Amino acid sequence: MAVFVAGEIMAELSDLYRKTVLAHNRDPHNHAPLEPCSHRAEGHNPVCGDRIRVYVRTGEDGRLEAVSFTGEACAICTASSSMMTDAVTGLDEAGVEALFHRLQTVLTDRASEGDALPGELPVLAGVRNFPGRTKCATLSWHTLLAALRGDETASSE
């Protein structure tokens, strides 16, 4: 029977967080303009300088058929944007909002479990260890929601 020490588990999770963020930063998914698109918005985080644009194409049923992003951003913002494009495809606006609120809870509440998030999003729970980077991890989500509302700009505020 193996005995796990809390520190060892935290180290493994931290390592997974680092590896996943770096992989998405090096080779982000859906990192290109999307044409044609039905919605787009630009987001800016003045604290660290992240600046991204999110592109969305919705179907007649209101579900997101395709989502992409472009821009210059830190590794956390780029990784979160990449994971977001995978996680939200197929959802409608209400589904995107619900998923974003779950992610926000995971990023800010130490008692929250990332297991409730789809795909690779649970690794973003590692951002809790760097509270100043929460805005980096959520900028693309704010920008996506702004685009779906018809707003052209968003910030991580």
Side-chain angles (χ1 to χ4, degrees), residues 6 8-32 34 37 39-45 47-48 50-59 61-149 154-157:
E8 290 175 6
I9 294 171
M10 291 306 295
E12 287 178 27
L13 291 174
S14 180
D15 189 45
L16 177 61
Y17 162 75
R18 249 188 323 278
K19 286 179 181 177
T20 304
V21 167
L22 291 175
H24 277 275
N25 185 53
R26 274 192 311 270
D27 188 22
H29 301 178
N30 307 301
H31 188 252
L34 177 65
C37 68
H39 304 78
R40 80 176 101 218
E42 184 171 315
H44 180 235
N45 179 351
V47 174
C48 75
D50 294 336
R51 188 173 294 276
I52 63 164
R53 182 171 283 269
V54 173
Y55 306 84
V56 181
R57 183 170 47 241
T58 57
D61 63 357
R63 295 192 179 279
L64 283 61
E65 290 181 348
V67 181
S68 70
F69 75 103
T70 60
E72 297 295 323
C74 69
I76 292 171
C77 183
T78 300
S80 180
S81 300
S82 176
M83 289 183 243
M84 176 196 73
T85 64
D86 292 335
V88 299
T89 300
L91 299 178
D92 60 12
E93 185 174 352
V96 172
E97 286 183 23
L99 181 55
F100 174 56
H101 290 300
R102 286 180 13 223
L103 175 65
Q104 275 188 309
T105 300
V106 168
L107 294 176
T108 58
D109 181 0
R110 290 210 173 272
S112 178
E113 295 294 323
D115 298 344
L117 298 171
E120 293 178 296
L121 290 176
V123 302
L124 290 176
V127 171
R128 286 189 298 226
N129 298 321
F130 311 98
R133 304 306 298 270
T134 301
K135 291 181 179 185
C136 300
T138 60
L139 177 62
S140 58
W141 294 82
H142 286 289
T143 306
L144 171 60
L145 289 170
L148 292 173
R149 289 190 303 264
S155 73
S156 58
E157 300 300 322

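Just so you know, these numbers come straight off a predicted model, no measurement behind them.
With sequence neighbours left out, H31 forms a side-chain hydrogen bond (donor to acceptor under 3.5 Å, both in side chains) with no residue at all. Considering only residues two or more places apart in sequence or on other chains, H24 meets the side-chain hydrogen bond (donor to acceptor under 3.5 Å, both in side chains) condition with S82, E120. Applying the side-chain hydrogen bond (donor to acceptor under 3.5 Å, both in side chains) test to R133 and every residue at least two apart in sequence or in another chain returns nothing. Annotation: side-chain hydrogen bond (donor to acceptor under 3.5 Å, both in side chains) contacts of T58 (sequence neighbours excluded): S38.
A distance of 9.5 Å separates OG of S140 from CG of L145, quoted to the nearest 0.5 Å. Rounding to the nearest 0.5 Å places CG of L64 at 10.5 Å from CZ of R57. Atoms CG and OG, from L144 and S81 in turn, are 10.0 Å apart once rounded to the nearest 0.5 Å. The distance from the CZ atom of R149 to the NE2 atom of H39 is 11.5 Å, given to the nearest 0.5 Å. Rounded to the nearest 0.5 angstrom, W141 CH2 and H101 NE2 are separated by 11.0 Å. Interatomic distance, CD1 of I52 versus NE2 of H142, reported as 10.5 Å (0.5 Å rounding).
Taking both residues in full, the closest heavy atoms of L124 and S80 are given as CD1-OG, 3.7 Å, listed atom of the first, atom of the second, then distance. Closest of all the heavy-atom pairs between A137 and L107 is CB-CD1, 4.1 Å. Among all heavy-atom pairs drawn from C48 and D50, the shortest one is SG-OD2, 3.0 Å. Residues P28 and N25 approach most closely at CD-O, 3.6 Å, considering heavy atoms. Minimum heavy-atom separation, R128 to V106: CD-O, 3.0 Å.
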Side-chain atoms of residues 67-79: list all donor-acceptor pairs with protein atoms under 3.5 Å, sequence neighbours left out, distances to 0.1 Å.
residue: S68; atom: OG; partner: A32; partner atom: O; Å: 2.7
residue: T70; atom: OG1; partner: Y55; partner atom: OH; Å: 3.4
residue: T78; atom: OG1; partner: A73; partner atom: O; Å: 3.4
residue: T78; atom: OG1; partner: C74; partner atom: O; Å: 3.0

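Side-chain contact check for L148 versus E97: every heavy-atom pair is 4.5 Å or farther apart. The side-chain heavy atoms of L121 and R102, taken from C-beta on, include no pair separated by under 4.5 Å. Residues P118 and L99 form a side-chain contact, since some pair of their non-hydrogen atoms from C-beta on lies under 4.5 Å apart. The shortest distance between side-chain heavy atoms of F100 and M84 does not fall below 4.5 Å.
Side chain of R40 to main chain of A147: no donor-acceptor pair is present (N/O by atom type, distance under 3.5 Å, no hydrogens or angles). A distance-only check finds a donor-acceptor pair linking the side chain of R63 to the backbone of G90 [under 3.5 Å].
For residues 71-93, there are no ring-ring contact (aromatic ring centres under 6.0 Å, His included) pairs, not counting sequence neighbours.
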